[in-house]
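Proteins come first, then strands; the chains are lettered A, B, ... in the order of their sequence lines, and each starts at number 1.
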2 protein chains.
Amino acid sequence: MSEPVLAVDPLSSLPGYALRRAANAMMAELGARLAPLDLRISDASVLLLIAGRDDMTSSEIGKVLDIQRANMVPLLGRLDAAGLIRRVPIDRKSQAIVLTGAGERRLAEVRAITGRFEEDLMARIPAPHRPHFVPALQALVG
Amino acid sequence: MSEPVLAVDPLSSLPGYALRRAANAMMAELGARLAPLDLRISDASVLLLIAGRDDMTSSEIGKVLDIQRANMVPLLGRLDAAGLIRRVPIDRKSQAIVLTGAGERRLAEVRAITGRFEEDLMARIPAPHRPHFVPALQALVG
DNA sequence: ATACGATTGCTATAGTCAATAGCTTTCCTG
DNA sequence: CAGGAAAGCTATTGACTATAGCAATCGTAT
């Protein structure tokens with residue numbers, strides 16, 4: 001009668017496990033919200049990153065977002081095929097990835113969705129913990 | 001002269017993005033530490049979960065760990081093939097997944113590694129943020 | 001100026017992981 | 001004891017990551 005409905009996950013208090021679970025849950029949520037825009041999370045990240053810039057190469061984007069050069073190819077291929085980006089030659093070796101007009105418009109939709117998402121995410125965290133969340137995460141990547 | 005060496009990732013202050021990055025980095029780290037045991041993170045999670053129990057079915061493990069029934073099959077198949085678990089019939093439909101002797105011994109190694117990992121993870125977070133970390137993450141999964 | 005190492009963008013491939021649909025057998029309940 | 005739910009499984013797909021390798025170009029240090 002007083003038994004828990006389901007035994008509480010004994011792993012959920014482990015920081016590593018909690019981190020994995022939370023990230024999985026939130027990324028599934030974000031992915032679902034971006035789906036109507038026909039964009040994956042990585043796609044949206046690229047749009048957000050190159051906004052207002054005309055000098056970022058594929059390699060540079062990959063370095064910042066932790067995506068390998070080889071894996072940037074199909075990603076940018078999708079964005080290009082969707083008409084959201086354009087490749088502008090810098091020299092005969094490098095090319096800048098820049099937003100097209102359609103890319104700018106799609107970016108505005110991305111901003112609306114991700115902005116809402118970030119708000120909702122933070123809102124789920126009890127207020128006392130809230131200001132510590134991003135700093136703690138940032139300390140882990142360094 | 002005062003320009004940053006590399007433009008700081010403008011996305012890193014977004015909670016969702018920071019969460020994703022931190023989780024990726026930490027899981028890559030944990031995966032590397034578990035590799036010598038020939039276990040993946042999910043494998044180790046299962047061992048930790050069924051420790052000291054003899055009544056958990058594949059479906060129950062999946063519910064707790066957020067792994068679908070279909071995906072539990074190859075996972076348990078690996079653990080079985082490695083001799084770490086045994087399937088004990090509960091009735092003609094269900095079977096309990098229990099640790100073998102080898103499973104118990106492997107689990108001890110897992111505990112040593114994950115314990116160390118959790119310590120190192122928390123140590124990277126500045127002390128003031130530390131007590132807020134797990135509670136904040138737990139609030140996100142509910 | 002030029003030779004050499006590094007970088008860019010790319011192909012091709014393989015592995016991990018999660019998600020879906022569907023099947024059979026067994027269990028449980030009305 | 002009939003019908004729905006659950007267990008365990010097969011099969012397949014897609015997203016994402018990782019590795020190796022290649023040709024062309026760039027930058028630099030002689």
Starting at atom CG of A:Leu65, determine the distance to atom P of D:dA18, rounded to an integer number of angstrom.
-> 14 Å
Rounded to whole angstroms, how far apart are CE on B:Met72 and P on C:dA19?
-> 14 Å
Output for pair (B:Ser59 OG, B:Ile67 CD1), nearest 0.5 Å, gives 12.0 Å
How do B:Val73 and A:Ile67 order along DNA chain D: which one's closest nucleotide is nearer the 5' end?
-> B:Val73
Counting any heavy atom closer than 4.0 Å, what does A:Ser42 reach on the DNA or RNA strands: base, sugar-phosphate only, or nothing?
-> nothing
Are B:Arg78 and B:Asp43 close enough for a salt bridge, meaning some N to O gap below 4.0 Å?
-> yes
Does a nitrogen or oxygen in the side chain of B:Lys63 sit under 4.0 Å from OP1 or OP2 of D:dA7?
-> yes
Ionic contact status for A:Asp91 with A:Lys93, cut-off 4.0 Å = no
So with a 6.0 Å cut-off around CZ of A:Arg116, is the heavy-atom count from everything else above 12?
-> no
State whether B:Arg33 and B:Glu29 are salt-bridged, where the test is any N-O pair (Lys NZ or Arg NE/NH1/NH2 against Asp/Glu carboxylate O) under 4.0 Å.
-> yes
Are any non-hydrogen side-chain atoms of B:Thr57 and B:Ile97 less than 4.5 angstrom apart?
-> no
Under a 4.0 Å heavy-atom cutoff, the residues of residues 13-29 of chain B touching DNA chain C are none
CD of A:Glu118 to CD1 of A:Ile113, rounded to nearest 0.5 Å, is 12.0 Å
Determine whether B:Leu19 and B:Leu14 make a side-chain contact, defined as any pair of heavy atoms from C-beta on separated by less than 4.5 Å.
-> no
Can you check each nucleotide of nucleotides 20-30 of chain C against protein heavy atoms at under 4.0 Å and return B for base, S for sugar-phosphate only, - for none, in 5' to 3' order?
-> BB----BS---
Starting at CG of A:Leu76 and ending at C1' of D:dC16, how long is that distance when rounded to a whole Å?
-> 15 Å
A:Leu75 CG - D:dA15 P separation (whole Å) | 12 Å
Tell me which residues in residues 31-41 of chain A put a heavy atom below 4.0 Å from DNA chain C, sorted by number, or none.
-> none
4.5 Å side-chain heavy-atom contact, B:Arg53 and B:Met56 = yes
The reported gap from CD in A:Glu60 to CE in A:Met72 (rounded to nearest 0.5 angstrom) is 10.5 Å
From CG (B:Leu99) to CD1 (B:Ile85), nearest 0.5 Å | 8.5 Å
Write down the distance between CG (B:Asp66) and P (C:dA18), rounded to a whole number of angstrom.
-> 10 Å
